Amino acid sequence: MEISFSTNVKRIFKSGYDNFKRNSWLSIATIITMVLSVMLLTGTLLLNYGSNAFVKEIQNKVDVSIYFKTDVSEVDILKIQEELTKLDTVAKVEYTSREKALQDFKEQSAKDQIIIQTLEEIGDNPLSASLNIKAKKPGDYTPIISYIENSLFKDKLLSVDFTENKLLVDRANSLSFGLKTSTIILTVILSSVAIVVAFNTIRMAIHSVGEELKIMNLVGGSNWFIRGPFIVEGILYGAIASVVSFILYIPIIFIFGSKIDKFLGFVSITKYFVSHMLLIFLAQLVFGVLLGVVSSILATNKYLKQVE
C-alpha cells in the first residue's frame with residue numbers, strides 16, 4: 001500500500017510537470033498575470049506599512065494646548081497640570097510659562113525686526129501661559145476635551161487648541177484608508193483575472209488529456225487522483241510567479257525605495273523590505289500558490305461535473 005501511494009504521488013507530480021511544459025506559451029501568460037497580482041499584493045503590504053507609519057507619525061505630533069488668561073497665577077496652573085496628569089487618558093502634560101513662551105517666540109522671530117520692534121513698543125508680555133497635553137491614544141483626545149470643557153477651571157482658559165490637529169489626523173486617516181482600499185480592490189481584480197487565465201490554461205490541459213482522464217475515471221480513479229496533476233500544475237504557476245515577483249521587487253525597492261524614503265522622511269520602506277524579506281517572500285508564495293490551487297480546483301471541478 002505504501003509503495004502504491006508513493007508511486008501515485010510520483011505519477012501525479014510527473015503528470016503535473018508534463019502538463020506545465022506541454023502548454024508553455026499559455027503557462028508563461030498565466031505566470032505573467034500571476035506575477036502582476038503577487039506584485040500588487042506586495043505593494044499593498046508595503047503601502048499598509050507606510051500609511052500606518054504616516055498616520056502614527058502625525059498622531060504622535062497631535063496634542064491639545066490650553067491657554068490661560070494672563071491674570072491666572074502660576075500656582076493655579078500647576079494645580080490644573082497636576083489634575084490633568086491624574087487622568088487615565090493623559091500620557092503627559094507640559095507647562096509653558098508666559099516668560100518661556102515670550103522667550104521662544106523671540107527666538108523664532110529673531111530675524112523679523114518688525115515683530116521685535118512691536119514687542120518692544122508693547123513693553124508688557126502679551127503671551128499666555130499654556131499646558132500642552134499628550135493623550136495615551138489618539139481616541140483619548142475627545143474625552144480629554146470633554147473633561148476640560150466641563151471642568152471647574154474652564155473660566156480660567158483663554159482658548160483650547162485642538163481643532164486643526166484633529167482635522168489633520170482625520171485627513172491622514174482618510175488618505176490612508178483610500179490608498180489601502182484602492183490597492184486592495186486592484187489586487188482583487190487582478191487576482192480574479194489571474195484565476196480566470198490559469199483556469200482556462202488548466203482547462204486546455206485537461207482537454208488535451210481528456211481521453212486518458214475518461215479511462216482513469218472508468219477504471220475507478222478517484223477524483224483527487226484526477227485533480228492531482230492539475231493542482232500540481234497550478235502550484236507550479238503560483239510558485240514561479242512568486243519567485244519572479246520577489247526577484248523583480250529587489251531592484252525596484254533599491255532603485256525607488258530611497259526616493260520614497262526621502263519623500264516620507266520619517267519611515268524607510270527599504271529598511272522594512274530588507275528586515276521583513278523572508279516574511280514578504282512567504283506571503284507572496286502563499287498567495288501565488290493559493291491562486292494556482294483555486295484555479296486548478298475550479299477547472300477540474302467543472303470537468304468532473306461534465307463526465308459524471
Side-chain angles (χ1 to χ4, degrees), residues 48-179 261-268:
N48 184 63
Y49 165 73
S51 59
N52 284 342
F54 172 67
V55 172
K56 189 175 181 180
E57 180 70 16
I58 290 177
Q59 288 173 344
N60 288 336
K61 292 180 178 179
V62 169
D63 53 32
V64 175
S65 294
I66 57 176
Y67 296 89
F68 293 87
K69 294 175 181 177
T70 53
D71 59 350
V72 179
S73 68
E74 186 174 63
V75 173
D76 288 341
I77 295 174
L78 292 175
K79 285 180 180 178
I80 294 168
Q81 180 185 20
E82 186 178 356
E83 179 183 339
L84 290 171
T85 305
K86 291 178 181 178
L87 295 177
D88 293 336
T89 52
V90 172
K92 182 172 61 173
V93 183
E94 293 180 344
Y95 168 60
T96 303
S97 66
R98 294 182 64 202
E99 292 73 21
K100 183 69 167 59
L102 181 61
Q103 181 186 339
D104 292 343
F105 184 72
K106 283 181 177 179
E107 289 176 358
Q108 292 170 5
S109 310
K111 295 181 180 179
D112 195 326
Q113 291 302 315
I114 295 175
I115 292 177
I116 299 299
Q117 288 174 7
T118 303
L119 287 172
E120 289 175 354
E121 288 175 8
I122 293 173
D124 192 21
N125 183 357
L127 301 180
S128 302
S130 64
L131 290 176
N132 182 267
I133 307 163
K134 283 276 187 182
K136 289 182 178 177
K137 295 180 294 187
D140 289 336
Y141 283 108
T142 300
I144 290 172
I145 295 292
S146 178
Y147 179 85
I148 292 169
E149 290 175 345
N150 294 287
S151 66
L152 295 174
F153 59 80
K154 64 179 179 181
D155 293 335
K156 299 179 186 293
L157 300 179
L158 189 65
S159 65
V160 178
D161 183 14
F162 180 65
T163 306
E164 290 185 4
N165 285 333
K166 185 177 184 301
L167 184 62
L168 184 63
V169 173
D170 290 343
R171 285 179 177 174
N173 281 322
S174 297
L175 176 63
S176 175
F177 178 77
L179 288 171
D261 296 346
K262 189 176 180 181
F263 173 76
L264 293 175
F266 51 82
V267 61
S268 175

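Residues: numbered from 1 along the sequence shown. Note that the structure is predicted; figures quoted are calculated from it, not measured.
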Heavy-atom donor-acceptor pair, Ser128 side chain to Phe68 backbone, under 3.5 Å: yes

Spacing of OG1 belonging to Thr96 relative to CG belonging to Asn132, to within rounding of 0.5 Å: 7.0 Å

Determine all donor-acceptor pairs shorter than 3.5 Å in which one atom belongs to a side chain in residues 84-94; sequence neighbours excluded.
| residue | atom | partner | partner atom | Å |
| --- | --- | --- | --- | --- |
| Thr85 | OG1 | Gln81 | O | 2.7 |
| Lys92 | NZ | Glu94 | OE2 | 3.4 |

Please list every donor-acceptor pair under 3.5 Å in which a side-chain atom of residues 143-158 meets a protein atom from a residue at least two apart or in another chain.
| residue | atom | partner | partner atom | Å |
| --- | --- | --- | --- | --- |
| Tyr147 | OH | Glu83 | OE2 | 2.5 |
| Asn150 | ND2 | Ser146 | O | 2.7 |
| Ser151 | OG | Ile148 | O | 2.7 |
| Ser151 | OG | Lys154 | N | 3.4 |

Partner set under side-chain hydrogen bond (donor to acceptor under 3.5 Å, both in side chains) for Ser73, not counting sequence neighbours: Asp76

Residues in side-chain contact (heavy atoms from CB on, under 4.5 Å) contact with Glu74, at least two apart in sequence or another chain: Leu78, Tyr95, Ser97

Donor-acceptor contact present, side-chain Tyr141 to main-chain Ala135, <3.5 Å: yes

All side-chain contact (heavy atoms from CB on, under 4.5 Å) counterparts of Lys79, not counting sequence neighbours: Val75

Nearest-0.5 Å distance that lies between atom OG in Ser65 and atom CG in Leu131: 9.0 Å

